[in-house]
There are 2 protein chains.
Amino acid sequence: MPFEWKYERSVPERRPPGHQPAAPRYSLRWTAPRSTLVSAYFGMQAPPGAASAAGHIGRMRGFLAEAHGPQAQEVMRCTDEAGLDNTIVVAYWTDPGTYAHWLETSGFRPWFDDPARLTGDIGYWFEALVVPYDRHETIYSAPGYRIGLARTPDAEIVPITTNGYFGAARDRLPLSAIDTLESPSGGLFPPTADHASRGAHLCALLPHNATVLRSGQFWEGAGREQLDDYMNALQPKLLRGMAYLVEQRERTGCLSLRIMTNLNEDGSPRAETSVYAAFLSLNQLEAWAESHDTHLEIYRHAIAMNRLHKEKREVVTWHELFVPGMGNLFEYVNCHPRTGILPYARVMAPVGKG
Amino acid sequence: MPFEWKYERSVPERRPPGHQPAAPRYSLRWTAPRSTLVSAYFGMQAPPGAASAAGHIGRMRGFLAEAHGPQAQEVMRCTDEAGLDNTIVVAYWTDPGTYAHWLETSGFRPWFDDPARLTGDIGYWFEALVVPYDRHETIYSAPGYRIGLARTPDAEIVPITTNGYFGAARDRLPLSAIDTLESPSGGLFPPTADHASRGAHLCALLPHNATVLRSGQFWEGAGREQLDDYMNALQPKLLRGMAYLVEQRERTGCLSLRIMTNLNEDGSPRAETSVYAAFLSLNQLEAWAESHDTHLEIYRHAIAMNRLHKEKREVVTWHELFVPGMGNLFEYVNCHPRTGILPYARVMAPVGKG
């Protein structure tokens with residue numbers, strides 16, 4: 001039996017009595033216990049054409065190949081809110097001590113903290129989520145495709161029945177059985193700050209019970225019919241949904257959003273995208289998912305296509321979701337002031353040794 | 001059955017096969033599940049006679065009485081390494097969301113962050129441990145006296161058998177079943193930094209797998225014989241042990257140590273002390289406990305007295321121990337540069353909103 005974590009419930013589940021999901025869905029389990037999961041994004045931010053994506057990827061791969069490196073890693077790219085090119089390596093550890101050792105002993109920290117990073121037109125950022133196991137959940141539309149956390153060793157994709165109703169993501173978070181996972185600020189969106197982040201190294205504290213999601217779409221090898229449907233129907237709906245989340249961030253609680261294209265080993269784009277989004281609270285993400293047209297259109301279309309094609313469905317959708325507690329510090333070096341959660345978080349600057 | 005948390009073991013236990021403890025010992029359990037425990041110390045640091053201890057206590061009690069306040073609190077005092085008087089309120093929450101709400105909404109943060117705190121000869125500090133349940137353990141020499149975490153609601157003091165051998169504290173940490181809890185720096189003591197902390201607000205990051213202990217001694221109401229033994233034999237041994245930990249900190253890994261006297265409601269001293277100590281790693285605390293004369297003398301004396309007096313033992317000893325993961329930020333406002341973990345930690349300064 002794979003490792004599972006269950007609390008005796010004191011907060012009612014959202015699952016309707018007798019619910020049987022219409023479509024099969026899957027979740028991740030490990031064959032041995034895990035206490036904490038680590039998902040760390042290492043980004044380079046540069047004007048279009050100003051920096052070599054391959055250079056950043058190669059450098060990060062070098063650091064990650066040192067002792068205590070991650071159990072899985074991938075490369076993505078995106079254009080950010082300031083129109084800059086971002087090259088992003090995401091790395092996963094399923095043991096916090098290994099990650100802490102890597103951060104302490106690898107060449108990454110000396111390179112990242114080097115004052116040489118503070119000049120020029122290239123910024124670097126590093127957003128690490130260190131999250132207790134009971135504060136994560138995953139869902140996959142198919143059991144055969146491995147991505148994200150699912151590429152770590154000892155991971156199994158297993159069938160679930162906590163899906164197909166609003167609130168299912170919350171029910172899949174083990175901690176939700178005893179914790180309502182509310183935002184300490186009541187979801188009140190923070191005022192926007194305009195930090196002097198260029199030429200500076202700033203650390204931003206992710207708020208308690210923020211909700212951070214990587215949502216993925218994979219259509220490599222899809223046939224003409226499903227490819228057309230994805231490109232012309234589902235993807236535009238996804239993009240409309242993401243645009244709404246950002247434009248109405250005071251309502252949606254969206255602190256940060258990146259629509260990323262996954263890259264192959266050689267740096268070429270894959271038929272695969274990943275949306276990274278951080279919200280002030282799970283409540284706000286749920287409110288959008290349950291009631292806003294832009295999500296209902298995505299949801300209904302995906303469900304209809306799954307029903308139509310059943311096991312012949314060639315587009316895989318999935319997500320991994322974290323509701324971190326206190327103490328996750330995101331770091332930004334020489335970045336523009338709207339990068340990541342910088343405008344909306346409690347911000348600190350490292351102090352040199354006296 | 002009270003809540004318990006057990007991982008299928010992959011790291012061998014330290015308990016010798018067939019071990020039966022010679023003396024009864026007790027540990028804390030809650031009747032309902034707990035995910036995270038919070039132990040927060042709020043200190044005022046002042047030249048002798050310069051500030052009113054009652055003023056700090058009253059102010060902190062006011063903040064803690066606001067919505068989402070702690071489940072238990074106590075007051076202590078100590079003289080620190082610079083000879084300053086410290087008045088300390090410790091508060092416990094057994095729910096991280098309630099603590100996060102309190103920190104976000106109470107008057108404490110605006111007061112603590114107020115630039116008015118940066119001037120004068122009084123410093124304030126705030127060391128909060130937010131620790132997953134599986135990273136804590138407790139032990140009590142008797143089941144009848146409640147102190148520290150044991151004063152929180154739904155807590156029960158239950159008999160245990162994981163005691164009376166070296167490594168028992170580690171075995172009592174649920175996470176130790178799957179994690180060796182090593183220091184990412186291999187226990188290498190950090191160089192001492194001398195930050196310009198007077199007139200500044202600094203945040204210091206507790207290292208991953210640091211080990212933080214509150215150890216208590218209670219002899220209120222002890223009869224003449226046991227009181228004499230405590231004052232003339234056990235307490236001097238304790239003080240010698242604590243002095244060694246600090247003097248040899250590069251070896252012992254001791255980042256911070258405070259020998260505190262517990263205070264009554266009216267501010268008068270109790271026949272009770274608490275030692276707060278933070279170590280770089282559990283390994284180093286264990287190495288001292290297992291092999292150094294200063295600890296063996298404490299240990300043997302306490303065991304001998306327990307055997308002599310059995311259930312008539314009038315001195316209660318106990319501790320609560322945490323091995324926090326990443327992300328615990330200790331804060332210091334206008335404090336001297338040797339306060340707490342300031343000289344030995346990664347330090348940051350809050351940045352105002354731009």
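All chains are named by letter (A, B, ...) in the order of the sequence lines, taking the proteins before the strands, and each is independently numbered beginning at 1.
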Can you tell which of A:Arg34, A:His68, A:Glu331 has the highest number of heavy-atom pairs within less than 4.5 Å of chain B? A:Glu331
Under 4.5 Å heavy-atom distance to chain A, tell me which part of B:Leu103 shows up: side chain, backbone, both or neither. side chain
Are a donor atom and an acceptor atom from the side chains of B:Tyr92 and B:Glu320 found within less than 3.5 Å of each other? yes
Hey, are B:Thr152 and B:Trp30 close enough side-chain-wise for a donor-acceptor pair under 3.5 Å? yes
Looking only at side chains, do A:His201 and A:Asn334 share a donor and an acceptor under 3.5 Å apart? no
Per-residue contact mode, B:Thr98 against chain A (heavy atom under 4.5 angstrom): neither
From the list B:Glu8, B:His208, B:Met348, the residue making the most non-hydrogen contacts under 4.5 Å with chain A is B:Met348
Got a sec, which residues hit side-chain contact (heavy atoms from CB on, under 4.5 Å) with A:Asn283, two or more places apart in sequence or on another chain? A:Arg170, A:Glu182, A:Ser281, A:Glu286
Report, by ascending residue number, the residues of residues 321-329 of chain A in heavy-atom contact with chain B at a distance under 4.5 Å; give 'none' if the set is empty. A:Met326, A:Gly327, A:Leu329
N/O donor-acceptor pair under 3.5 Å between A:Glu66 side chain and A:Gly107 backbone: yes
What part of A:Thr105 is in contact with chain B, defined as an atom under 4.5 angstrom from a non-hydrogen atom: side chain, backbone, both or neither? side chain
Which residue pairs pass the salt bridge (charged side-chain N to carboxylate O under 4.0 Å, His left out) test with at least one member in residues 128-138 of chain A, sequence neighbours excluded? A:Glu137-A:Arg172
Ring centroids only, cut at 6.0 angstrom: are A:Phe330 and A:Phe126 within range, meaning strictly under it? no
Option in B:Gly97, B:Ser10, B:Ser35 with maximal non-hydrogen atom pairs under 4.5 Å from chain A: B:Ser35
Residue set satisfying side-chain contact (heavy atoms from CB on, under 4.5 Å) with A:Val347, at least two apart, ordered chain then number -> A:His195, A:Leu202, A:Ala204, A:Leu342, B:Val351
With a 4.5 angstrom heavy-atom cut-off, which part of B:Trp5 approaches chain A: side chain, backbone, both or neither? side chain
Checking A:Tyr124 against A:Tyr332 for the ring-ring contact (aromatic ring centres under 6.0 Å, His included) test, could you report, in this order, the C-alpha distance in whole Å, the side-chain angles of both residues, the deciding distance, and whether it holds? CA-CA 6 Å; A:Tyr124 296 96; A:Tyr332 305 92; over 10 Å; no
